Colleague: 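Just passing along the structure, written as structure tokens.
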Number of protein chains: 4
Amino acid sequence: MSRLPKENAAVPLAQAVAPQRERGRLRVAAILEAAALVFVEKGYDKATMTEIAARSGTAIGSLYRFFPTKGALADNLLLRYAHSTVSGLAELAEQADRMTLEGLAEALVDLREDLLTQRAVVLALVDAREGSQDIRQQFREHSRAGMSQVLQKAIPGLPATRAHAMAVLMLHVLKGAATASAEDPATRHMVLAEMRELLRSWLFSARQAVAATSA
Amino acid sequence: MSRLPKENAAVPLAQAVAPQRERGRLRVAAILEAAALVFVEKGYDKATMTEIAARSGTAIGSLYRFFPTKGALADNLLLRYAHSTVSGLAELAEQADRMTLEGLAEALVDLREDLLTQRAVVLALVDAREGSQDIRQQFREHSRAGMSQVLQKAIPGLPATRAHAMAVLMLHVLKGAATASAEDPATRHMVLAEMRELLRSWLFSARQAVAATSA
Amino acid sequence: MSRLPKENAAVPLAQAVAPQRERGRLRVAAILEAAALVFVEKGYDKATMTEIAARSGTAIGSLYRFFPTKGALADNLLLRYAHSTVSGLAELAEQADRMTLEGLAEALVDLREDLLTQRAVVLALVDAREGSQDIRQQFREHSRAGMSQVLQKAIPGLPATRAHAMAVLMLHVLKGAATASAEDPATRHMVLAEMRELLRSWLFSARQAVAATSA
Amino acid sequence: MSRLPKENAAVPLAQAVAPQRERGRLRVAAILEAAALVFVEKGYDKATMTEIAARSGTAIGSLYRFFPTKGALADNLLLRYAHSTVSGLAELAEQADRMTLEGLAEALVDLREDLLTQRAVVLALVDAREGSQDIRQQFREHSRAGMSQVLQKAIPGLPATRAHAMAVLMLHVLKGAATASAEDPATRHMVLAEMRELLRSWLFSARQAVAATSA
DNA sequence: TATGAATGAGAGTTCATTCAT
DNA sequence: AATGAATGAACTCTCATTCAT
């Protein structure tokens with residue numbers, strides 16, 4: 001039988017079997033951990049299912065029991081990150097109206113730092129062409145929506161369209177926080193400081209623009 | 001300002017034979033053009049030497065005569081982009097002290113737009129782990145040096161260390177201009193406008209900081 | 001009547017490369033021969049591309065250069081058989097009006113015996129679900145059309161619809177000639193004799209029915 | 001006439017555990033039913049034990065308790081069919097001396113039609129090379145013996161050797177009745193009618209030959 | 001006893017690279 | 001020098017079968 005990979009189609013989490021026993025749950029966790037490492041080290045295409053299986057102490061057949069394709073495994077990883085990103089943003093949105101813009105700039109950079117390990121795997125996966133395009137689309141949209149919320153809370157009166165454009169760009173800028181981790185510690189520290197400054201000045205400028213318009 | 005090597009001969013790693021005759025030069029150009037297209041369409045890993053050969057009307061054996069490995073071909077492409085990026089930045093540096101910061105923000109975004117086609121191939125290649133790490137390292141360093149120059153010219157008195165940190169972050173932000181091209185036209189337009197605003201407020205803030213320090 | 005392609009070159013199948021050099025043509029011949037043996041011995045599903053490659057002294061990659069999938073290889077084999085079957089039937093149709101029915105019965109059984117080696121591979125392939133359904137469909141239709149021609153020539157006045165039904169059944173009966181080759185020699189000889197007798201009496205009966213109708 | 005073993009216990013090869021309790025017998029029946037469906041739909045090689053287990057509502061481990069290998073499951077199915085075929089032929093043999101040859105031709109075609117569902121699974125299994133060769137051998141021999149009986153009853157004086165040759169060929173011809181079911185209804189109807197005519201003329205011809213010899 | 005998670009050999013297929021012509 | 005046929009290691013994925021629970 002020919003071996004072309006299947007498509008995940010509509011299933012949000014193409015998952016062969018949801019593990020029902022404790023043992024299975026541990027195995028899935030081990031697989032995801034190993035997969036994240038391998039995807040980060042090698043990149044999506046160069047990562048092999050064989051290595052992921054070996055590193056997680058799983059037989060290749062068992063790996064495929066839980067994740068029917070390489071793309072499904074990547075999707076799953078992405079989805080998990082998406083969840084924590086989106087809830088992180090939601091939390092931030094709740095507090096945003098009580099924060100200074102300096103505090104918000106700080107919090108945004110920190111948010112990314114918190115998610116750094118997972119972020120690295122996302123960088124390795126978001127641009128891969130395999131797996132479900134839907135998952136990546138969803139991930140992007142949820143992140144943008146969450147970030148828009150934060151911005152509109154932090155800058156009352158900010159028009160939705162501008163909030164959206166800012167969110168798109170903001171998410172891109174914050175990606176730099178993950179990228180920065182590849183730098184030497186001194187550079188990294190300075191870049192992160194610079195990022196806070198960038199965000200601060202940008203947010204202030206946006207607030208002034210809103211104030212000028214409403215006056 | 002240090003320069004990138006003009007000729008491949010100067011690059012110490014797996015490197016293409018420099019074609020001596022006109023015919024060879026045309027062939028190399030055709031290969032590079034095809035390779036750029038294929039790398040962009042498929043990504044580095046999924047791109048095949050066979051397809052690059054076919055699309056450039058070259059026999060696979062001839063392709064390997066000019067570029068001994070796939071990685072070397074990618075390196076070469078990266079090097080060419082690096083060259084045009086660096087010279088673009090050098091040009092900008094010359095004019096930077098006569099520009100307003102608004103003008104500079106505009107010019108930076110435009111610079112990236114000019115290089116967009118080539119930029120796309122860079123995006124496809126910089127994260128690929130194949131080929132020479134040195135080439136990527138060089139590419140990054142030269143870009144950063146060039147950008148630092150621009151910033152120090154535009155903001156007299158800007159300390160070198162901060163210029164470097166800003167350059168690192170600036171280059172990352174500008175990458176968003178290429179990424180934005182994947183968005184729908186309306187979003188893309190707004191994001192680019194937002195990017196100009198971001199750069200403007202950031203540059204002004206940096207200038208004020210310099211002024212405050214020197215006062 | 002539409003014709004089967006005469007030459008493999010014209011075959012509309014997924015074929016990676018039509019070999020242009022003598023060496024390539026020999027290799028293709030070796031592959032087809034080995035493939036026929038393996039398909040016959042193991043059946044389509046159990047036959048492996050690896051074994052076909054090994055038995056034909058071909059590297060697996062080279063095998064795939066000529067036949068891009070296992071199904072394509074099977075299709076090609078089927079098509080070659082189809083060609084010889086159809087031309088065998090066409091020849092017979094030309095002579096059928098000058099033959100006695102006994103002679104025709106004999107000739108039909110012999111036709112199958114002539115094609116026996118190839119026939120065996122057809123038996124292994126026609127029922128396989130892989131490969132192009134179209135090829136098998138074509139093969140069946142062309143065989144039936146050819147056999148109908150023979151019958152209408154041999155029994156003038158035979159209605160087309162009955163000729164078709166007889167052709168379908170006739171082809172099935174003749175398949176027994178190939179199946180019979182698996183028997184021990186004594187049985188095989190008797191079965192083939194019996195087959196001639198069956199065909200003779202059936203053809204006579206059909207001729208009488210035609211005569212009775214036209215009277 | 002020799003009989004096929006009634007119980008699996010008598011079969012000397014890899015064989016299922018004979019379930020002792022009612023519950024087990026139901027389970028085995030469910031498995032065999034599901035297996036027949038899957039073998040027919042997918043073919044022997046493509047059928048999976050997992051799917052058979054799932055469709056019969058059996059755990060894969062339990063399936064293997066009753067049938068130790070896939071081949072054993074197939075053998076068992078074949079054996080059951082053999083049993084009903086042989087008893088059908090035995091019944092026919094009892095009545096054969098009181099039937100006209102037309103009636104017999106009709107009855108033979110009908111016999112196959114009656115067994116059609118089971119026949120389909122036989123077609124899927126007899127050519128599979130897995131499982132016990134002995135089982136298939138037995139199946140063939142019992143069928144041939146039964147058919148010989150029928151023919152010798154229907155045509156008194158028919159020599160045993162010719163009866164055997166006719167039986168072999170007859171069984172092959174009748175296989176066409178199952179194959180015909182894949183055709184469109186109109187074709188199928190005509191092919192079956194033709195098959196009756198073929199059998200009729202063949203049987204008559206055989207009877208005449210016997211009469212001529214004995215005279 | 002019954003279950004289904006686990007196993008791993010092996011299948012089809014790809015493609016960077018080599019080398020005979 | 002130019003060509004493209006040849007190579008084979010490595011990859012994704014399947015499934016008959018086993019065995020711990």
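Every chain is numbered from 1, with letters handed out A, B, ... down the list of sequences. These figures come from a predicted structure and were not determined experimentally. Values below: every heavy atom of this structure, side chains too, minus hydrogens, waters and symmetry copies.
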Colleague: Please report, rounded to the nearest Å, how far the P atom of dT21(E) is from the CG atom of L26(C).
Modeller: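 In whole Å, dT21(E) P and L26(C) CG are 13 Å from each other.
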Colleague: With sequence neighbours left out, write down each residue that passes side chain to side chain donor-acceptor pair (under 3.5 Å) with E33(D), or none if nothing qualifies.
Modeller: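 Listed in chain order: nothing, the list is empty.
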Colleague: Would you mind reading off the distance between M49(D) atom CE and dT18(F) atom P, rounded to a whole angstrom?
Modeller: 11 Å
Colleague: By side chain to side chain donor-acceptor pair (under 3.5 Å), which residues pair with S62(B), not counting sequence neighbours?
Modeller: none
Colleague: Would you kindly give the NZ-to-C1' distance between K42(B) and dC15(E), to the nearest whole Å?
Modeller: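 One finds 13 Å between C1' of dC15(E) and NZ of K42(B), rounded.
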Colleague: Round to the nearest Å and state the distance from D45(C) atom CG to dC15(F) atom P.
Modeller: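 Atom-to-atom, D45(C) to dC15(F), this comes out as 11 Å.
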Colleague: What is the separation between atom OH on Y64(D) and atom C1' on dC15(F), rounded to the nearest whole Å?
Modeller: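 From Y64(D) OH to dC15(F) C1': 8 Å.
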Colleague: At less than 4.0 Å, is any side-chain N or O atom of R65(D) found next to OP1 or OP2 of dA2(E)? Yes or no.
Modeller: yes
Colleague: Using whole Å, what does the distance between atom C1' of nucleotide dT7(F) and atom CD1 of I31(C) come to?
Modeller: 13 Å
Colleague: List for me each residue that meets side chain to side chain contact (heavy atoms under 4.5 Å, CB included) alongside T48(C), sequence neighbours excluded, and say none if there are none.
Modeller: T50(C), E51(C)
Colleague: Quickly work out the F67(C) CZ to dA6(F) P distance and round it to whole Å.
Modeller: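 In whole Å, dA6(F) P and F67(C) CZ are 12 Å from each other.
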Colleague: Let's test your reading of the pairing rules: Watson-Crick or G-U wobble, both distances under 3.5 Å, then write DNA chain E as a dot-bracket string with ( ), [ ], | and dots.
Modeller: .||||||||||||||||||||
Colleague: Please enumerate all residues that pass ring pair (Phe, Tyr, Trp, His ring centres under 6.0 Å) together with Y64(B), with sequence neighbours excluded.
Modeller: none
Colleague: On DNA chain F, nearest-nucleotide positions of K70(A) versus R27(B): which is more 5'?
Modeller: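 On the 5' side of the pair lies R27(B).
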Colleague: Please report, rounded to the nearest Å, how far the P atom of dT17(F) is from the CG atom of L73(D).
Modeller: 11 Å
Colleague: Establish, yes or no, whether the cationic atom of K70(C) lies under 6.0 Å from the six-membered ring centre of Y44(C) and within 45° of the ring axis.
Modeller: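 Ring-cation test returns yes.
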Colleague: Pull out every residue in residues 51-62 of chain A that has a heavy atom closer than 4.0 Å to any atom of DNA chain E, ordered by number, or say none.
Modeller: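 Of all residues in residues 51-62 of chain A, the ones placing a heavy atom under 4.0 Å from DNA chain E are A59(A), I60(A), G61(A), S62(A).
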Colleague: Using heavy atoms to find the nearest nucleotide of DNA chain E for T50(C) and L63(A) separately, return the residue whose nucleotide is more 5′.
Modeller: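 Result: L63(A).
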